[in-house]
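Before any comments, here is the structure.
None of these values were measured; they are calculated from a predicted model. Atom set for the values below is all heavy atoms of this structure, side chains included, hydrogens, waters and symmetry mates excluded.
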Amino acid sequence: MANVEPDSASVVAEGTSEVREDNGTAIVQKEVEEKVDGLTLDEPTTEAAKKKKKNKSKKKKEPPQQTDPPSIPVAELFPSGEFPEGEIQQYKNDNLWRTTSEEKRELERLEKPTYNSVRQAAEVHRQVRKYIRKIAKPGMLMIDLCETLENMVRKLISENGLQAGIAFPTGCSLNWVAAHWTPNSGDKTVLQYDDVMKLDFGTHIDGRIVDCAFTVAFNPMFDPLLEASREATNTGIKEAGIDVRLCDVGAAIQEVMESYEVEINGKVFQVKSIRNLNGHSIGQYQIHAGKSVPIVKGGEQTKMEEGEFYAIETFGSTGKGNVREDLECSHYMKNFDIGHVPLRVPRAKQLLATINKNFSTLAFCKRYLDRLGETKYLMALKNLCDVGIVQPYAPLCDIKGSYVSQFEHTILLRPTCKENISLIILLRGTPNYLCSRRLLIGVP
């Protein structure tokens, strides 16, 4: 079949207004393509496209969601700068008037920046302990567990020298060791299925410390032991308040603690309150601020006062209920009230400068000195302890073979109410990455 060339007039039905017969089909096609290209690039297509573009520009940026494992600093999760308050409990009896007092409410408004700082530290603590409880498993090296926890605290709190960071070393005392044990560098201790581990760590913002602890046990036979100290701590918080005598708090704690029994490997033990361990008041950059909260009856008659922070902590034991110093020391802390003490050893002076710069009067451990690059410091550290500048805190142990559990919260005696700083109650509308109190069973 013969190939017939089309008439130029018939090709230019659309897209051109005039065609010169001598240019042929190629020019016509070029002009059509230019018109189409112009429409595509320069003219909006449809109303739907306009509306979609408008809606996209109006879409608000959502606040970031915490990752798993947590890695976003807590301050970025709360762009308003307001952090969630802790569990609120009302005062009892003669102090009920404080709730409605305008004067007391005004005092609280003046202290709002302080409250917000400690609540930020508490939110960091809550997120870290939730994650650590999830990953703690038999077979883990204790030093790996501690360093994972501490590195997460540093990240979430946006560590900044003495303005924000870790308040004291991570205590991960096992079994009959009640407190003040953390692995030194090179320690090969492994967490076992039948271990009872007390995880006690602290966070701080501007020296406002949150001190909170919980116990991890994988074997369910230890559940009554954990329940005893958890309920004893809750009782201590309930009894605490402005003008309450410390001895009354201790008596209430002991009554609850020693109402529990635990059967371990076929033998029944009454849970005992460890009589020479206490809760304590907390000051700015001062973990032990002078007042002790006993966990047995017969303690001090001293009263709690308005505005004070307290660590309410209890220890339940299947042993003698009395601890002594034992094992290798890892915890140290510069004495809060120490004045100038002349030092003759140059290396001790250098080490003290490092302590003052990085820890001041907050507690530290040998691992922290290693992390800062300090080497061959043991003699210098001993010299600082011998002259009274630094206080060593050796592990505290009940009898070997016994088991100890611990629970602890930090509370604030506000003018109008009592706030459990470290137990954050999350309300409706809270982002779903934050867990509720119900999910914190076993983790205060």
Side-chain angles (χ1 to χ4, degrees), residues 83 85-86 107-108 110-125 153 157 159-171 179-180 200-213 233 236-237 240-246 249-250 277-295 299-313 331-339 355-365 368 388-393 408-415 417-423:
F83 297 93
E85 67 179 12
L107 287 174
E108 286 194 353
L110 294 175
E111 292 295 328
K112 190 174 180 181
T114 298
Y115 297 168
N116 204 46
S117 291
V118 75
R119 286 168 185 163
Q120 181 181 354
E123 177 61 24
V124 172
H125 200 293
V153 169
I157 209 165
E159 186 180 39
N160 180 24
L162 294 175
Q163 278 67 56
I166 297 170
F168 53 84
T170 303
H180 296 171
D200 187 353
F201 68 100
T203 57
H204 82 93
I205 297 288
D206 295 326
R208 301 296 179 180
I209 298 171
V210 171
D211 184 0
C212 181
T233 296
I237 293 170
I242 296 170
D243 293 333
V244 172
R245 297 185 188 278
L246 296 172
V249 178
L277 286 178
N278 306 283
H280 47 89
S281 57
I282 302 175
Q284 192 171 17
Y285 293 104
Q286 187 178 18
I287 188 62
H288 296 153
K291 292 184 179 179
S292 295
V293 184
I295 60 175
E300 298 179 3
Q301 299 285 318
T302 308
K303 291 183 178 181
M304 295 178 157
E305 298 177 54
E306 180 182 303
E308 290 181 325
F309 289 86
Y310 281 92
I312 305 296
E313 59 181 321
H331 285 52
Y332 299 86
M333 185 168 65
K334 183 183 174 184
N335 285 324
F336 190 82
D337 298 318
I338 196 73
I355 292 169
N356 286 333
K357 178 182 178 181
N358 295 280
F359 312 114
S360 184
T361 54
L362 296 174
F364 61 94
C365 64
Y368 293 2
I389 296 176
V390 171
Q391 177 70 38
Y393 291 87
E408 178 180 21
H409 277 303
T410 296
I411 66 170
L412 165 60
L413 301 183
R414 286 166 47 181
C417 61
K418 178 172 41 182
E419 181 175 347
N420 186 345
I421 293 289
S422 49
L423 178 57

Quiz prompt | Residues Met304, Leu246; criterion side-chain contact (heavy atoms from CB on, under 4.5 Å); working and verdict | solution = CA-CA 7 Å; Met304 295 178 157; Leu246 296 172; 3.7 Å; yes
Practice problem: Could you walk me through whether Tyr368 and Asn358 pass side-chain contact (heavy atoms from CB on, under 4.5 Å), step by step? | Solution: CA-CA 10 Å; Tyr368 293 2; Asn358 295 280; over 6 Å; no
Quiz item: With under 30° as parallel and over 60° as perpendicular, where do the rings of His180 and Tyr393 fit, or are they tilted in between?
Solution: perpendicular
Self-check item: Heavy-atom closest pair, residues Val210 and Ala121
Solution: CG2-CB, 3.9 Å
Quiz item: What are the two closest non-hydrogen atoms of Ile157 and His204, and how far apart are they?
Solution: CD1-O, 3.3 Å
Quiz item: When rounded to the nearest 0.5 angstrom, what is the spacing between CD1 in Ile421 and CG in Leu412?
Solution: 5.0 Å
Quiz item: For the atom pair NZ (Lys112) and OG (Ser117), what is the distance rounded to the nearest 0.5 Å?
Solution: 12.5 Å
Quiz item: Has the side chain of Thr361 got a donor or acceptor atom that lies under 3.5 Å from a matching backbone atom of Phe336?
Solution: no
Practice problem: Compute whether any side-chain donor of one residue and acceptor of the other, for His280 and Glu313, lie under 3.5 angstrom apart. | Solution: yes
Quiz item: Taking the side chain from Glu419 and the backbone from Gly86, do they hold a donor-acceptor pair closer than 3.5 Å?
Solution: yes
Quiz item: In Å, rounded to the nearest 0.5 Å, how long is the span from CG of Asn116 to CD of Glu85?
Solution: 11.0 Å
Self-check item: Residue pair Cys212, His409: steps toward the side-chain contact (heavy atoms from CB on, under 4.5 Å) verdict
Solution: CA-CA 5 Å; Cys212 181; His409 277 303; 4.1 Å; yes
Practice problem: Would you name the heavy atoms of Ile338 and Gly388 that are closest together and state the gap between them? | Solution: CD1-O, 3.5 Å
Practice problem: Measure across Ser422 and Thr410 and return the closest heavy-atom pair with its distance rounded to 0.1 Å. | Solution: OG-N, 3.0 Å
Practice problem: With rounding to the nearest 0.5 Å, note down the distance linking CZ in Phe201 to CD in Glu408. | Solution: 11.0 Å
Exercise. Write down the atom of Arg208, the atom of Val118, and the distance for their closest heavy-atom approach.
Key: CB-CB, 4.1 Å
Quiz prompt | Criterion side-chain contact (heavy atoms from CB on, under 4.5 Å) on His331 and Phe168, from CA distance to verdict | solution = CA-CA 9 Å; His331 285 52; Phe168 53 84; 5.6 Å; no
Exercise. Mark yes or no for whether Lys334, through its side chain, and Ile355, through its backbone, hold a donor-acceptor pair below 3.5 Å.
Key: no
Self-check item: Rounded distance (nearest 0.5 Å) linking atom OH of Tyr310 with atom CG of Asp211
Solution: 14.5 Å
Quiz item: Atom CD1 of Ile411 and atom CD of Glu308: how far apart are they, to the nearest 0.5 Å?
Solution: 10.0 Å
Quiz prompt | Contact check, side chains of Ile209 and Leu362, non-hydrogen atoms, under 4.5 Å | solution = yes
Quiz item: Quick check: does any side chain N or O of Gln284 sit under 3.5 Å from a backbone N or O of Asp206, one acting as donor and the other as acceptor?
Solution: yes
Quiz item: What heavy-atom pair brings Ala164 and Ile205 nearest, and what distance separates the two atoms?
Solution: CB-CD1, 3.7 Å
Quiz prompt | Lys291 side chain to Lys303 backbone, donor-acceptor under 3.5 Å | solution = yes
